[in-house]
Amino acid sequence: MARNTSRRTVVDSPRANARTIRTVSLSAQLKKMVRHPMVIGVTVLVCVFIAGVYALVATPKYEASATVLVNPLSTNPSSSSHSNVSINTEASVASSREVAEAAAKSLSSSHDDLVSELRQSIEVSAHSGTSIFDVKATASSAQDAAEYANAIAQAYLAVRSDALQDSVNTVAAGIEKQINALGKNGNDAARTALEERLAQVRITDTNAGRIITSAKVPQEPTNLGFIKCIFVGVISGLLLGAIIAWVLDSRARTVNYRDRAEDILGEEVFMIRDTQDIEDTRRAFRSIGVINGNFHKAHIAGAVLYSSVPRASDDFAATLRQAYADKGLTFVDSPASVLSQKKLSPSDTPNILVTDRGTELSEVLSAADVLGACVVVLTPETSVNDLEEFVNVAEHIADAHFLYVFLTS
């Protein structure tokens, strides 16, 4: 008997096309994550717990900043010219051990340990193109942070002023030595010039600069508060949980979910629910043209029930008996009874071949070619490798309908 030419072929099979061109969509990747809400939920709880513990036990950190304006100083106390300020150099000076020691002395009588603490807690940053730099101090105490920043700023100005004063004193001493060398009978004009120069040197401005913004005691620590830590824990948990869920889903050895089966197959998989198994079965068969159990109108002589999961085919066969109890379906479990006939006429009593895991795949597909349809019964325990192997082989069967159903239990 001539078979109906409306059957799908390998050329136009959606299954074959899906296997040939497998696109990676964002929705498919998101599905992999949302299939594992428990994994994501547990990860979020763990991250929130860690964040909460950190918020409770972490030492608070306070930051305070002082801003210093550096005055340009004369390169030679006896000269009226002034040098431009190299703010990066001055920032380095403010970070030096000399300044830290001066600041420590102003803060504590026993300052040896404080010098190292100051140098570790202080950060000096220059404002490019200006004569200003900031002194930022970090400490576990808000009061200490403000005191450290102000002490460093004040110590820097004092060290710089002292250095200039030493330079003035040195130049003044040299001029005085020249005046003394002239003696009482020396050149009066030369003496007068040296004395005028000495007077100018002694009035040289040694003001190194000023603090334009003193550090204030901070009111809040820079650490994330408890609420913020919990928020970070939630976000981190969601991201980490999504990654773990994606990895677990991608490496899963069993199908577990209907939509994963659809991703593998590239076509629709019909859910057979416990509470509506009869209606779901009829709806699935309608997709291949079997209306109200009429296999003749679908131009098929029956169907092969195949599953790689033990007993799954038998379970679906029981549901199929109930769905079409009045249609006179003949259920057989031997492929030989079907394969002995080259072709079965759709007008004959529909044959349902129920295979088990031990049935050779070649026999299943040959029987499907004879009967005209193959129903692949999937469960959460269906092996991904088994399903992919079946699809790869089934692509070469041109003259048969393939129907995929997913049993929820």
Side-chain angles (χ1 to χ4, degrees), residues 50-73 83-166 205-236:
I50 294 174
V53 171
Y54 170 80
L56 293 174
V57 304
T59 301
K61 295 293 182 183
Y62 294 89
E63 289 184 357
S65 295
T67 304
V68 177
L69 173 65
V70 182
N71 288 339
L73 299 178
S83 64
N84 293 325
V85 174
S86 174
I87 196 62
N88 290 325
T89 300
E90 298 304 322
S92 298
V93 173
S95 303
S96 67
R97 183 175 184 84
E98 180 184 8
V99 172
E101 288 177 345
K105 287 180 181 179
S106 68
L107 291 171
S108 173
S109 55
S110 57
H111 60 276
D112 293 340
D113 294 337
L114 187 55
V115 173
S116 297
E117 183 178 346
L118 279 173
R119 298 199 71 191
Q120 292 175 0
S121 63
I122 291 297
E123 178 183 345
V124 181
S125 56
H127 293 215
S128 180
T130 70
S131 299
I132 296 173
F133 64 76
D134 293 327
V135 179
K136 182 173 72 173
T138 303
S140 58
S141 163
Q143 186 67 36
D144 286 347
E147 289 181 355
Y148 289 176
N150 288 328
I152 290 291
Q154 293 165 0
Y156 161 77
L157 294 175
V159 167
R160 191 164 188 258
S161 293
D162 289 346
L164 179 58
Q165 188 62 56
D166 289 343
D205 184 10
T206 60
N207 181 14
R210 63 189 178 89
I211 300 174
I212 57 178
T213 303
S214 297
K216 300 292 190 276
V217 178
Q219 301 301 311
E220 297 289 340
T222 57
N223 310 58
L224 294 177
F226 184 79
I227 299 300
K228 290 182 179 179
C229 281
I230 295 299
F231 179 75
V232 171
V234 171
I235 299 300
S236 302

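In what follows, residues are counted from 1 in the order of the sequence shown. Values reported hereafter were calculated over all heavy atoms of this structure, with side chains retained and with hydrogens, waters and symmetry mates removed.
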Beyond-backbone contact of [X] with [Y], side-chain heavy atoms, under 4.5 angstrom:
X    : Y    : result
R160 : V70  : yes
S128 : I87  : no
T138 : Y62  : no
L157 : V68  : yes
Y54  : C229 : yes
L107 : L114 : yes

Testing the basics here: between [X] and [Y], what is the closest heavy-atom pair and its distance to 0.1 Å?
X    : Y    : value
L224 : V232 : CD1-CG2, 3.7 Å
A66  : A153 : CB-CB, 4.3 Å
A104 : L118 : N-CD1, 3.7 Å

Side-chain donor/acceptor of S236 to backbone N/O of G233, under 3.5 Å
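Side chain of S236 to backbone of G233: no pair is present.
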Residues forming a ring-ring contact (aromatic ring centres under 6.0 Å, His included) with F133, sequence neighbours excluded
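So F133 forms a ring-ring contact (aromatic ring centres under 6.0 Å, His included) with Y156.
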Indicate yes or no: does K105 engage E101 in a salt bridge with an N to O separation below 4.0 Å.
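E101 and K105: not salt-bridged.
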Using side-chain contact (heavy atoms from CB on, under 4.5 Å) as the criterion, list what pairs up with [X], not counting sequence neighbours.
X    : result
F231 : I235
I122 : V124, V135, A137, Y148, I152
A102 : A155, V159

Can you name the side-chain hydrogen bond (donor to acceptor under 3.5 Å, both in side chains) partners of [X], sequence neighbours left out?
X    : result
S86  : T89
D134 : T67, H127
Q165 : N169

Taking salt bridge (Lys or Arg N to Asp or Glu O under 4.0 Å) as the definition, give me every residue that meets it alongside E147, ordered by chain and number, with sequence neighbours left out.
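Scan of E147 (salt bridge (Lys or Arg N to Asp or Glu O under 4.0 Å), adjacent residues dropped) gives none.
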Any pair with a residue in residues 85-107 that passes ring-ring contact (aromatic ring centres under 6.0 Å, His included), sequence neighbours left out, goes on the list, sorted by first then second residue, please.
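Qualifying pairs: none.
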Donor-acceptor pairs under 3.5 Å, side chain of residues 214-222 to any protein atom, not counting sequence neighbours: which ones?
from : atom 1 : to   : atom 2 : distance (Å)
Q219 : NE2    : V217 : O      : 3.2
T222 : OG1    : K61  : O      : 3.0

With sequence neighbours excluded, give me every salt bridge (Lys or Arg N to Asp or Glu O under 4.0 Å) pair touching residues 116-130.
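Only E123-K136 qualify under salt bridge (Lys or Arg N to Asp or Glu O under 4.0 Å).
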Calculate, to the nearest 0.5 Å, the distance between atoms OG and CD belonging to S95 and E90 respectively.
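Here the rounded value is 11.0 Å.
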